[in-house]
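I have placed the structure first, in the form of structure tokens, so that the comments after it can refer back to it.
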Amino acid sequence: RAKTSGRGRAEVFDDQLRAQLAEHAELERAIADGLAHGEMSVVYQPVFDVAADRIAGYEALLRWQRPGVGMVPPDQFIPVAEATRLICDIDRWVLDEAVHQLAAWRATGSATAQQVTMAVNISGRHLTERRVISDVAEALAAAGVPADRLVVEVTETVLVDDPVAAEHLAGLRALGVTVAIDDFGTGYTSIGQLRTLPVDVLKIDRSFVAATDLGSEELVALMVRAAHTFGLTVVAEGVEEVEQLDRLRADACDHAQGYLLSRPLAAEQAGALLADLPVVAELGS
Ligand code: C2E
Ligand code: MG
Ligand code: MG
Ligand code: MG
């Protein structure tokens with residue numbers, strides 16, 4: 001059949017494939033150049049303690065300002081970087097920026113700055129590399145940040161698929177680093193697996209937080225309860241509405257992150273949230 005349909009079709013296919021590969025290669029080069037030439041930056045989205053109504057930490061998120069193009073969202077270039085070792089360079093760079101930023105905040109003497117954690121996303125590809133443990137250890141040492149202030153976020157697929165990744169996570173936890181499972185609910189992990197996964201924090205994917213049908217609301221409550229049963233801290237992602245936050249509070253969800261509370265912020269604005277509140281003189285005394 002392929003033979004009789006002739007060379008024409010195969011050539012069209014070849015051309016498309018070639019064009020795609022070329023585009024991919026060009027984007028890859030642009031990302032590498034961008035990293036080398038200071039086009040990347042990190043923004044920090046606050047994570048709030050739901051019950052205490054105060055900041056618990058930040059998630060470091062990568063931004064790429066591509067000359068002549070503008071802001072390229074991570075979802076459009078991280079997958080390309082993940083096809084090669086480039087993602088390891090990117091993750092390491094973000095990790096370095098983030099822990100140094102936290103160190104700078106801690107150095108201001110703010111009491112809140114000592115308590116907050118910094119979360120970074122580590123790609124599955126990077127996690128399967130043996131050096132991920134020394135990368136993290138070295139970044140912490142260079143910045144002088146205690147390991148228990150760092151959270152490493154990984155998506156669930158890598159944990160289930162790859163025993164090497166799980167082993168490296170155990171190594172990270174042995175350093176004292178906190179491990180979070182990101183976008184929980186979007187992969188194939190069952191709630192029962194939470195019992196054995198080497199993680200400390202569960203981040204519920206925003207698709208569950210946003211859903212308004214009764215089933216999804218029950219599901220979030222169930223995830224929180226199961227996670228607590230297994231000793232995990234729970235973060236709700238993508239909280240955009242007051243009603244969602246109220247519900248999460250009722251479910252005893254520990255932390256919340258989302259546009260309702262704060263968008264990702266430039267370092268300076270993010271750090272301003274850590275200024276200790278001035279002591280207010282008590283009235284009437
Ligand atoms: P993620 O780790 O799940 O990060 C949360 C994403 O949700 C961020 O998107 C954040 O801006 C967005 N978000 C936060 N609150 C809300 C909300 O209320 N509503 C909506 N609609 N979105 C909200 P962002 O920054 O575009 O990052 C997308 C993904 O790219 C991240 O998802 C993460 O998987 C990946 N990523 C970002 N930075 C890095 C990095 O340094 N290394 C690696 N490996 N991946 C990264
Ligand atoms: Mg994340
Ligand atoms: Mg997420
Ligand atoms: Mg994600």
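In listed order, ligands and their atoms are each counted from 1.
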4.0 Å heavy-atom contact, [X] with ligand 1:
| X | result |
| --- | --- |
| Pro73 | no |
| Ile90 | no |
| Glu59 | yes |
| Arg63 | yes |
| Gln257 | no |
| Glu82 | no |

Under a 4.0 Å threshold between the charged nitrogen and the carboxylate oxygen, would [Y] count as salt-bridged to [X]?
| X | Y | result |
| --- | --- | --- |
| Glu156 | Lys203 | no |
| Arg85 | Glu129 | yes |
| Arg63 | Glu97 | no |
| Arg173 | Asp200 | yes |

- Message: Between Glu237 and the Mg ion (ligand 2), is there a contact where an N/O/S atom of the residue lies under 2.8 Å from the metal?
- Response: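 Checking the Mg ion (ligand 2) against Glu237, no N, O or S atom falls under 2.8 Å.
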
- Kindly confirm whether the Mg ion (ligand 2) is within less than 2.8 Å of some N/O/S atom in Asp183?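 Here the distance criterion (N, O or S atom, under 2.8 Å) is not met by Asp183, so no.
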
With heavy atoms of [X] as the reference, note each atom of ligand 1 found under 4.0 Å away.
| X | answer |
| --- | --- |
| Asp182 | 1 (P), 2 (O), 3 (O) |
| Gly238 | 16 (C), 17 (C), 18 (O) |
| Gln45 | 14 (C), 15 (N) |
| Asp75 | 28 (C), 29 (C), 30 (O) |
| Glu240 | 17 (C), 18 (O), 19 (N), 20 (C), 21 (N) |
| Pro264 | 11 (O) |

- Item | Considering only N, O or S atoms of Asp182, the one closest to the Mg ion (ligand 3) |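 Of all N, O or S atoms in Asp182, the Mg ion (ligand 3) lies closest to OD1.
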
- Item | Passing candidate, side chain to side chain contact (heavy atoms under 4.5 Å, CB included) with Val69, options Arg66, Met71, Gln65 |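 Exactly one pass, corresponding to Arg66.
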
Going by the closest heavy atom to [atom], which one wins out of [options]?
| atom | options | answer |
| --- | --- | --- |
| atom 41 (O) of ligand 1 | Val209, Val120, Val94 | Val94 |
| atom 46 (C) of ligand 1 | Val154, Ile78, Leu61 | Ile78 |
| atom 30 (O) of ligand 1 | Pro74, Pro79, Ala119 | Pro74 |

- Message: Side-chain heavy atoms under 4.5 Å apart, restricted to Ile/Leu/Val/Met/Phe/Trp/Tyr: what other residues fall into the cluster of Val235, or is it alone?
- Response: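 Result for Val235 is Val47, Val201.
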
- State, with a plain yes or no, whether a side-chain heavy atom of Leu86 is found less than 4.5 Å away from one of Ile31.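 When only atoms from C-beta onward are counted, Ile31 and Leu86 do touch, with a gap below 4.5 Å.
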
- Look at the rings of Trp105 and Tyr44 and say which category their plane angle falls in: under 30° parallel, 30 to 60° tilted, over 60° perpendicular.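 Ring orientation of Trp105 relative to Tyr44: perpendicular.
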
Going from [atom1] on [X] to [atom2] on [Y], what distance comes out if it is rounded to the nearest 0.5 angstrom?
| X | Y | atom1 | atom2 | answer |
| --- | --- | --- | --- | --- |
| Ile204 | His255 | CD1 | NE2 | 12.5 Å |
| Ile87 | Leu127 | CD1 | CG | 12.0 Å |
| Arg92 | His126 | CZ | NE2 | 5.5 Å |

- Task: Report the part of Leu260 in contact with ligand 1, treating N, CA, C, O as backbone and CB onward as side chain, heavy atoms under 4.0 Å; options are side chain, backbone, both, neither.
- Result: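 For Leu260, there is no contact with ligand 1 at all, from either part.
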
- Which bit of Glu237 is near ligand 1, meaning a heavy atom under 4.0 Å away: side chain, backbone, both or neither?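 Under 4.0 Å from ligand 1, Glu237 contributes side-chain atoms alone.
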
Taking only distance into account, with no hydrogens and no angle test, what donor-acceptor pairs under 3.5 Å do side-chain atoms of residues 209-223 form with protein atoms, sequence neighbours excluded?
residue, atom, partner, partner atom, Å
Asp213, OD1, Ser216, OG, 3.0
Asp213, OD2, Ser216, N, 3.2
Asp213, OD2, Ser216, OG, 3.1
Glu217, OE2, Arg247, NH1, 3.3

